[in-house]
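Accompanying notes for the structure given below.
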Amino acid sequence: MIEINGITKAYDGIRAVDDVSLTVESGEIVTVVGTSGSGKTTLLRMINRLVEPTAGAILIDGRDNRDLPGHELRRAIGYAIQGYGLFPHRTVAENIATVPKLLGWDRRRIDTRVDELLSLFRLEPAQFRARMPHELSGGQQQRIGVARALAAEPAVLLMDEPFGALDPIIRGKAQDDLIEIQRQFSTTIVLVTHGMEEAIRLGDRIAVMDKGRLLQFTTPAEIIAHPASDFVADLVGSADRAFRLLSLSPVDDLAEPGDAQGEPIDASASLKDALSEALWSGRAALPVARHGAIVGRVTRESLIAKAGRPQ
Amino acid sequence: MSPGALFRLVFVVVLVAFLAVPQAFAPVFAPFASNGAPAIYTQSGLLTLTLSHLAMVAVATMAATVVSVGLAILVTRPAGREFLPLSRSIANIGQTFPPVAVLALAVPIFGFGPIPTLIALFLYGLLPIFENTLTGLTTIPPSVQEAARGVGMTALQRLIGVELPLALPLILAGIRLTAVISLGTATIGSTVAARTLGEVIIAGLISNNTAFVLQGGLIVAALAFFIHEGFATLETALARRTRGALLI
């Protein structure tokens with residue numbers, strides 16, 4: 001759990017972060033979204049003390065983050081950044097092993113952990129261990145960057161626009177990977193992004209920042225349905241908010257008993273995909289399948305009703 | 001074997017052979033010696049002079065490396081940043097001060113011998129290494145520096161583990177420049193009794209014997225070529241290993 005209490009950072013009297021308080025629960029993904037200059041990165045960097053706050057305090061699992069020297073604190077917190085910052089003179093394995101080595105793990109434990117992480121990110125260890133970063137594609141570099149951040153099994157992972165440089169398809173896969181890994185290890189993640197789309201897709205809760213202030217901190221559904229201000233509403237965008245809302249829930253939520261014709265849709269697919277399929281194929285209802293077996297149907301009526309502004 | 005490698009091999013063999021048995025090359029230089037003067041310099045052994053010349057360059061270059069790299073590290077730390085302009089001035093003065101003037105000033109203090117030459121070479125060698133190290137240390141990609149801090153490296157761990165290795169190709173380029181410049185400059189040391197290949201050239205100039213001037217000059221040029229090649233190969237190998245450094 002990360003408790004941010006009244007944190008302020010001023011540079012020459014100008015407040016980059018202005019009295020922000022929020023609590024990130026253990027095992028939760030919180031996305032911090034805002035335009036450039038909103039203070040979101042500064043807020044993130046104060047959690048691992050790459051930036052020291054002017055006022056306020058940050059508690060990680062109840063301990064003030066100033067209890068430890070900065071470098072020791074940072075070894076216990078994963079950190080993945082835009083541009084990845086892989087060490088260009090070190091192999092992939094050496095990059096991933098950075099923090100375990102700083103912590104003095106023994107050789108065998110480090111090697112095991114490196115191979116484990118490479119496999120986790122679908123990179124064949126024997127093939128990738130000895131490669132240099134410049135021999136990797138952007139997507140592979142990004143995965144090594146996250147693998148390095150996770151190497152010492154941190155309870156908290158901070159990410160600063162980690163997918164910013166990836167093309168849309170690779171980014172989508174990287175985001176899915178992150179969600180999967182987070183579920184597997186229940187890592188607490190704070191992720192900074194400038195894209196509301198990404199914030200909605202990844203965040204259990206979203207913190208919207210502007211000019212150093214926290215404007216709203218709540219669930220994606222709540223942000224879409226009830227933006228706290230015009231600025232937040234602009235960030236969410238009004239054009240496709242109905243679809244964004246639908247994209248947050250699985251078909252399972254609206255499945256009902258009954259029959260329907262044609263190709264079934266998977267219960268874990270999003271409502272948005274279901275509506276899109278219903279409209280495209282001109283069907284009033286789609287069969288819903290779970291693990292290959294038909295368990296009911298979802299109707300176009302109910303999908304459309306669900307897309308309306310929540311009351 | 002590539003033509004380049006073959007050329008180098010032949011070059012080395014010729015140089016070594018010449019230093020080992022200079023008299024065998026007398027017919028080559030004879031046309032340049034006038035009035036029946038000897039074609040090959042024999043007052044001192046050419047090999048001895050070459051080794052002494054190289055030793056002097058090596059000592060001066062190493063001293064300049066230690067001081068320049070040390071200074072560059074110092075002025076790129078947060079605590080030393082205010083000394084950056086001062087240290088730049090010192091290195092620049094070393095470069096603008098003519099080595100001959102250094103000799104003239106140093107001889108009254110240290111007397112004749114190798115010391116004044118070493119001082120001149122040292123001062124003259126500071127700037128290239130200092131500037132290159134400074135460039136290397138200040139052009140580390142920001143994302144790499146951010147990551148190095150973010151994973152919890154201390155300032156010393158960042159310097160030794162990340163900054164210096166990434167700056168190494170540039171530092172080597174600086175040392176190469178200094179070594180090659182010193183190799184040529186060291187010849188003037190013979191005017192104040194330092195034992196360098198300058199002795200052969202000066203003897204040739206005094207006795208109007210072009211053969212001496214040529215053999216002294218050619219040995220220095222060959223040495224400069226090999227030192228340049230050696231460093232350049234090392235730099236390329238290092239740079240290839242970290243080719244993506246500026247892209248990542």
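The analysis underlying the following values was restricted to heavy atoms, covering all of them including side chains, and did not include hydrogens, waters or symmetry mates. Computed from a predicted structure; not experimentally measured.
The contact list for residues 148-170 of chain A toward chain B, using heavy atoms and a distance under 4.5 Å, reads A/R148 by residue number.
Between the side chains of A/T8 and A/T54, no donor N or O sits under 3.5 Å from an acceptor N or O.
Heavy-atom distances place both the backbone and the side chain of B/A148 under 4.5 Å from chain A. Looking at A/E72, neither its backbone nor its side chain comes within 4.5 Å of chain B, counting heavy atoms on both sides. If you measure heavy-atom distances from A/I81 to chain B, the contacts under 4.5 Å come from the side chain alone. Interface remark: B/Q145 contributes no atoms to any contact with chain A (heavy atom separation under 4.5 Å).
Taking the charged nitrogens against the carboxylate oxygens, A/K9 and A/E52 have no contact shorter than 4.0 Å, which rules out a salt bridge. Taking a cutoff of 4.0 Å between a charged side-chain nitrogen and a carboxylate oxygen, A/D64 and A/R66 qualify as a salt bridge. For the pair A/R107 and A/D111, the salt-bridge criterion is met [side-chain N within less than 4.0 Å of a carboxylate O].
In this pair, B/F7 and B/F225 present their aromatic rings perpendicular. The plane angle is above 60°, beyond the 30 to 60° band.
Contact of the A/T193 side chain with the A/L202 side chain is not registered, since no non-hydrogen atoms from C-beta on lie closer than 4.5 Å.
When atom types are taken as modelled, the side chain of A/T187 and the backbone of A/I189 share no donor-acceptor pair closer than 3.5 angstrom. Counting only distance, with no hydrogens or angles, the side chain of A/R75 and the backbone of A/V99 share no donor-acceptor pair below 3.5 Å.
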